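One structure is given below, encoded as structure tokens.
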Amino acid sequence: MLDIRIEYTKNPAKKPEAGQPLGFGKIFTDHMFVMNYTEGKGWHDPRVVPYQNLSLAPSAMVFHYGQEMFEGLKAYKGTDGRPYLFRPDMNAKRTNVTNRRLCIPEIPEEDFVQAVKAVVSVDKDWIPSDPGTSLYVRPFIIATDAFLGVAPSKTYLFLIILSPSGAYYESGLAPVGIWIEDEFVRAVRGGIGFAKTGGNYAASLIAQVKAHDQGFSQVLWLDGVERKYIEEVGSMNIFFKINGRIVTPALSGSILPGITRDSVLTLCRDWGYETEERRISVDELLEAQRTGALEECFGTGTAAVISPVGKLRYENEVMTINGGKIGPLSHRLYDTVTGIQTGAVADPYGNWHVCAEE
Ligand SMILES: *Cc1c(COP(=O)(O)O)cnc(C)c1O
């Protein structure tokens, strides 16, 4: 149990008005959570303080070798007006998976969840209430030693910042066009693809720019060795409905284990679908498309929840899926997951819809 000190801001900022477009990640709340790590002392001085700039040495290790990690989850205003989180224990577990890979000291799961709850509770009035909106929660850890040697840092900062965010789709759940990248790769097994860390994103920007230039909104990555098997989308996992079965790439070590992915697999199994976590080649997809077996395709991630895919482009072929429209399963999943998040749909699992106030 952390003993969290709270220092309230003396200059609260003006909160966005109802109906105001929020976008994503542009507005920040009045407070943030901070905790230090020092070798020999462990994690210490947990506190909620006014949102403010950091002061770091230009030699701080994070700037040079990228020793950092991040998480992403959302807080929602429940139907009862209280603040709720979606499966925060899963973010806590994944934090330590990432930390172990990057030689960052672990944070006890219950401390991570307590820290998220504490800062969300302080800024709960910042949770927007228009349909589809939420308070995006961004925990992250940076290496802070002032040292240019290549080694794990001996000091770190753990921070949590909060950002009121708009509905991902301003004009409703709209299918996106996706570019299957056959030149650049994101991750290989044995690398850091399964870890939630900035380095994966730095490596992905070039393909993202290329896809945008061609009129596609996201990149779908292929495996880094044969460039033949489907991995995942920029910040989402990917699902296909083929001949009635739900198919998604297996967690092979180069794919981020999404919490939305896990939630969708759980729901689909409980709804009686056969689910398959396995390798899927681009050739299999093209074939399924030709024979009409490819019924739906959607991405899953915290930001969009469910993102229907209307179009997939691979080299000279463009596959249009379900006539470019949202499929019924994508729709049902979106309604169910967002419903559980806000409390409009009863949580069938008991620990998915978690109140942020203790
Ligand atoms: C965060 C992330 C996801 C989605 O994970 P969720 O836990 O569902 O939000 C998928 N892929 C990558 C690369 C990510 O960083």
Side-chain angles (χ1 to χ4, degrees), residues 24-25 66 68-76 85-99 101-102 109 112-113 116 134-141 160 163 165 168 176 178-181 184-189 191-208 211 217-224 230-239 246 248-268 277 297-309 330 333-334 336-338 340-341 351-352 354:
F24 175 78
E68 76 99 36
M69 67 77 59
F70 69 93
E71 267 300 328
L73 66 160
K74 282 173 169 177
Y76 307 84
L85 302 165
F86 184 70
R87 307 187 73 185
D89 55 310
M90 297 286 281
N91 299 93
K93 283 196 184 76
R94 189 169 63 190
T95 290
N96 288 330
V97 171
T98 299
N99 287 8
R101 179 63 181 83
L102 293 165
E109 284 171 30
F112 177 97
V113 173
V116 169
S134 59
L135 184 68
Y136 184 76
V137 181
R138 166 54 58 85
F140 63 107
I141 303 173
I160 305 173
S163 177
S165 296
Y168 198 78
V176 294
I178 286 193
W179 171 276
I180 304 181
E181 174 58 41
F184 301 110
V185 299
R186 173 184 173 274
V188 291
R189 272 207 268 172
I192 55 172
F194 66 92
K196 214 163 170 75
T197 182
N200 286 321
Y201 280 79
S204 77
L205 298 175
I206 190 168
Q208 182 73 29
S217 65
Q218 304 252 10
V219 172
L220 177 59
W221 298 100
L222 298 178
D223 75 280
I230 305 289
E231 297 247 301
E232 64 172 310
V233 185
S235 56
M236 293 190 290
N237 297 109
I238 189 95
F239 282 77
I246 313 306
T248 192
L251 299 176
S252 56
S254 51
I255 296 173
L256 203 287
I259 295 162
T260 321
R261 175 188 182 278
D262 181 82
S263 307
V264 162
L265 280 170
T266 303
L267 285 168
C268 285
E277 296 176 72
C297 173
F298 53 90
T300 64
T302 295
V305 186
I306 303 292
S307 179
V309 177
S330 310
L333 283 166
Y334 181 83
T336 307
V337 176
T338 56
I340 294 171
Q341 287 168 338
N351 60 352
W352 282 17
V354 175

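The first residue of the sequence shown is numbered 1, and numbering continues consecutively from there. In listed order, ligands and their atoms are each counted from 1. Only this structure's heavy atoms are used, side chains among them; waters, hydrogens and symmetry mates stay out. Quantities reported herein were computed from a predicted structural model and do not represent experimental measurements.
- At least one heavy atom of Gly234 sits less than 4.0 Å from an atom of ligand 1.
- Put simply, the residue from Arg186, Gln208, Glu232 that forms a side-chain contact (heavy atoms from CB on, under 4.5 Å) with Val219 is Gln208.
- Given atom 14 (C) of ligand 1, the protein heavy atom at minimum distance is Lys196 NZ, 3.0 Å.
- For ligand 1, the atoms lying closer than 4.0 Å to a non-hydrogen atom of Met236 are 10 (C), 11 (N).
- At least one heavy atom of Arg186 sits under 4.0 Å from some atom of ligand 1.
- At a 4.0 Å heavy-atom cut-off, ligand 1 does not touch Glu231 at all.
- Not a single heavy atom of Gly72 sits closer than 4.0 Å to an atom of ligand 1.
- Atom numbering of ligand 1 starts at 1 in the shown order; those under 4.0 Å from a heavy atom of Tyr201 are 12 (C), 13 (C), 14 (C), 15 (O).
- Taking the six-membered ring wherever Trp is involved, the centroid distance between the rings of Tyr136 and Phe24 falls below 6.0 Å.
- For atom 11 (N) of ligand 1, the nearest non-hydrogen atom from the set Arg261, Arg87, Glu232 comes from Glu232.
- Using a 4.0 Å cutoff on heavy atoms, Arg94 counts as a contact of ligand 1.
- Contact annotation for Leu256 and ligand 1: only side-chain heavy atoms (C-beta onward) come within less than 4.0 Å of the ligand.
- Regarding atom 4 (C) of ligand 1, its nearest protein heavy-atom neighbour is Ser235 O, 3.7 Å.
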